[in-house]
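Atoms within a ligand are numbered from 1 in the order they appear, just like the ligands themselves. This is a predicted model, so every value here is computed, not measured. Side-chain atoms are counted along with the backbone in the values below, which use heavy atoms only and exclude waters and symmetry mates. Just so you know, residue 1 is the first one in the sequence shown, and it goes up from there.
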Amino acid sequence: MSFFVLKHVTKTYSIEKRSFNALNDVSLSFANKGLVSIVGKSGSGKSTLLNVLMGLEKPTNGEVYYKNQNITKISKSSFSKLHLFEISMIYQHYNIFDELTPLENVILPLLIRGINPKRAEDMALKLFRKFSLGYLLKQNTEVLSGGEKQRIAILRGLITNPKVILADEPVGALDSTNATMVMDMFKEISKEKLVIMVSHHKKLVEQYSDRIISIEDGKIIGDEIINEYKGYDSDNTLKASYSNLWTKLFIKKNLKANLKKNIFSLVVNVFGFLVIMLSFGFSNGSKESEREALRNNLACERATITKKITYKVENSPLSFIKQTRPSRDEVNEIVKPNFHAEVSYNYSYLFSDYPEITYNSTRIDSAEFMPIYSLCDSFTLPKVLKYGALPTKESIEQIVVNEEFAKSIDPNINKVIDKVIIFSGQSEISYATGDNDNPVIKDTYSYSYRGKIVGIVKEFNFLNTPKVYYSYLSLERELKNTLMDNLSRYKNERFTFYDYVNNVKDDESVSGYSYNLFLKSVDDLDKLYLLIQENKENESALEISSSTYEIYTTYSSFIDTFSIALFAFMVIAFFGVNFIIGMISLSSFIERKKESAILTSLGAKDKSISSIFLLENYIVIGASLVLSFLIIFPAQLGLNAIFSNVFMLDNLIKVPIRSFLGIPYLFIPLLIIISLLVSTLFILIPLTIYKNKSIVEELRDE
Ligand code: ADP
Ligand code: MG
């Protein structure tokens, strides 16, 4: 039995339902030495024959015996793996890597087989010297001549010490001088190994061959033996294990070669990661800032309580609502069990919420006047007051304004302290006596107060308006001290405006139709807002309202909408980024399909080849993550500074590094793991789809 035998081998290809035989009942046997040439016209089946011998193609019919072993039965992949250790293929266009050095090209099959690089280099250097090619070691592969490249390719084929060298048109692309040098090399090799070569070069074939096989339409039509060899040598094949270390060489080469693409990926990645981190940071920080927002408003302590009575018009779908001041008992019923609060009369009929204001004899656009109880009480607003100061003395002459108001006096708000504004107005009370001689008694409450600005509060200014805060108790004291002259004279007893508001009927406008509710602790704010909300939902007769609550709910729904939008943007950015990465890696895979095919033919496993692509991406992703983490903190700081200036909210963006979903430091590893997982998927899916494309196709010389 011979060394390498084909028995009745047929290879059938079908193209568009028509099948034809590229090899038709081919039987051949080869000894373990000698230079065998295969000649024939283009398309006669020469390459197919070599591919069957190489194990890259499985015959449709017939058997192949290699060292007495029928290797047709085993799977195509184990067939080629078995062969890869014993058979090397040389191609017309060399298929070596220009970006690697000649030495790296030659030792590659050894590295793939897990040989230690030092030992691999020693083996390669011996081989370079043996064929007097040492001078190539210092050269750049790219600039070598075709003949030199082909000889590097042959050295690469020899380095694993195979039994057989298969060469498809190895001198087809070379001039005669180079062709002769390559043929000399094959002749030398064929003294110890079987060399099977396809060539058109009639002269060289006749000059060098020990045997010439002619093929036509897949059939052997001639077999001329010039020097007969017989034999079969001992097994001295390189035994090796696979290793992945060699992929480093390719990752380095490819990262460099695809620099622009990788920088683009990096930028896209960094953008994506920043969007992700900022949107998490926003939804995290804005939750806390919502609470801050409502406290950062001096008006937050005050609410008004009114009552609505609905009257149905008989026999009609119409009804009308009348507003009235509730009774004290009704108010106490909901206030007392809920919070520490002060319930007081509302004097807005007498002292307007929008009095006329002048400063330096010029009128100032309307600002809202808000009574606060705390000016005269132990109410503490630590958070609110960190920016401003409250007056120390109980007096209506001392007022606190918010920044919006201060700006309307002087753009440089610091100059506003100690400035005096005058606010004035008047309102008339008509008292119906029921007495025909004197049916109506009129009294006018007119005021012109000088208010000295003793504090400026910097408030959360989303939808906020200019506000002036005055002491509720001071106003009350004023009203207690101001007589209603006409009414007092008529009734012949002392009657103050304070008395009047206190005793007026609840459904008269002087009552303000409401009570003021002043919280005694900011900690009760949440409870108050909850109560307002519940009251609204239950359509209860008592209605509690608060201007800061309105601002707060508008703000939180704005924040919620924005969070959702940002989250959607984040998801799109995340998948978009990974899609782009996947596309980039797919495109480089397609560009480098030939590289993958060559590596496969040199014995590299699919897994190792995929790992080159994956690792390249992991490196880019890793670099992007590092860069993103470097950028995120200054970015967060800057954005927060902007938000703090514009909205008076600190830490609106707070990337949840310290704690995420309640677990400390979960965010960073989660981000890394998820991005690696998703990018792995986006890379592996296209790779798996493309992997099964035939490598023979890729290696075919055009
Ligand atoms: P040669 O190398 O002698 O020029 P080949 O062995 O490459 O010829 O091809 C022999 C015939 O088989 C040609 O007609 C070629 O087009 C066809 N052929 C080769 N490979 C395939 C394939 N994978 N699918 C279909 N036809 C193929
Ligand atoms: Mg061919």
I want to know if ligand 1 touches E57 in the polar sense, i.e. an N/O pair below 3.5 angstrom. no
Charged N-O contact under 4.0 Å between K187 and D210: yes
Would you confirm whether S199, through its side chain, and H201, through its main-chain N or O, come within 3.5 Å as a donor-acceptor pair? yes
Would K7 count as a cation-pi partner of Y65, with NZ or CZ less than 6.0 Å from the six-membered ring centre and within 45° of the ring normal? yes
Evaluate the criterion side-chain contact (heavy atoms from CB on, under 4.5 Å) for residue pair L614 and L684; output intermediate values, then yes/no. CA-CA 8 Å; L614 282 177; L684 283 189; 4.0 Å; yes
Should you measure from each heavy atom of S42, which atoms of ligand 1 turn up under 4.0 Å away? 4 (O)
Protein N/O/S atoms under 2.8 Å from the Mg ion (ligand 2): how many? 1
Can you name the atoms of ligand 1, numbered from 1 with element, that are less than 4.0 Å from a heavy atom of F20? 11 (C), 12 (O), 14 (O), 17 (C)
Mode of D168 contact toward ligand 1 - side chain, backbone, both, neither (heavy atoms, under 4.0 Å): neither
Note: D217-K41 ion pair, threshold 4.0 Å (strictly below): no
Backbone or side-chain N or O of A22 under 3.5 Å from ligand 1 N or O: no
Does atom 16 (O) of ligand 1 have a protein non-hydrogen atom under 4.0 Å from it? no
Identify whether the distance between the nearest side-chain nitrogen and carboxylate oxygen of E57 and K11 falls below 4.0 Å. yes
Within a distance under 4.0 Å of any heavy atom of T48, pick out the atoms of ligand 1 and give their elements. 5 (P), 6 (O), 9 (O), 10 (C)
Under 4.0 Å from any heavy atom of I15, which atoms of ligand 1 are there? 25 (C), 26 (N)
Without placing hydrogens or testing angles, list every side-chain donor-acceptor pair under 3.5 Å for residues 262-273, not counting sequence neighbours.
unit_1 : atom_1 : unit_2 : atom_2 : d
N262   : ND2    : L255   : O      : 3.3
N262   : ND2    : N258   : O      : 3.2
S265   : OG     : K261   : O      : 3.3
N269   : ND2    : S265   : O      : 3.2
N269   : ND2    : S624   : OG     : 3.2

Can E595 and K253 be counted as an ion pair, charged N to O under 4.0 angstrom? yes
Hey, are R211 and E228 close enough for a salt bridge, meaning a charged N less than 4.0 Å from a carboxylate O? no
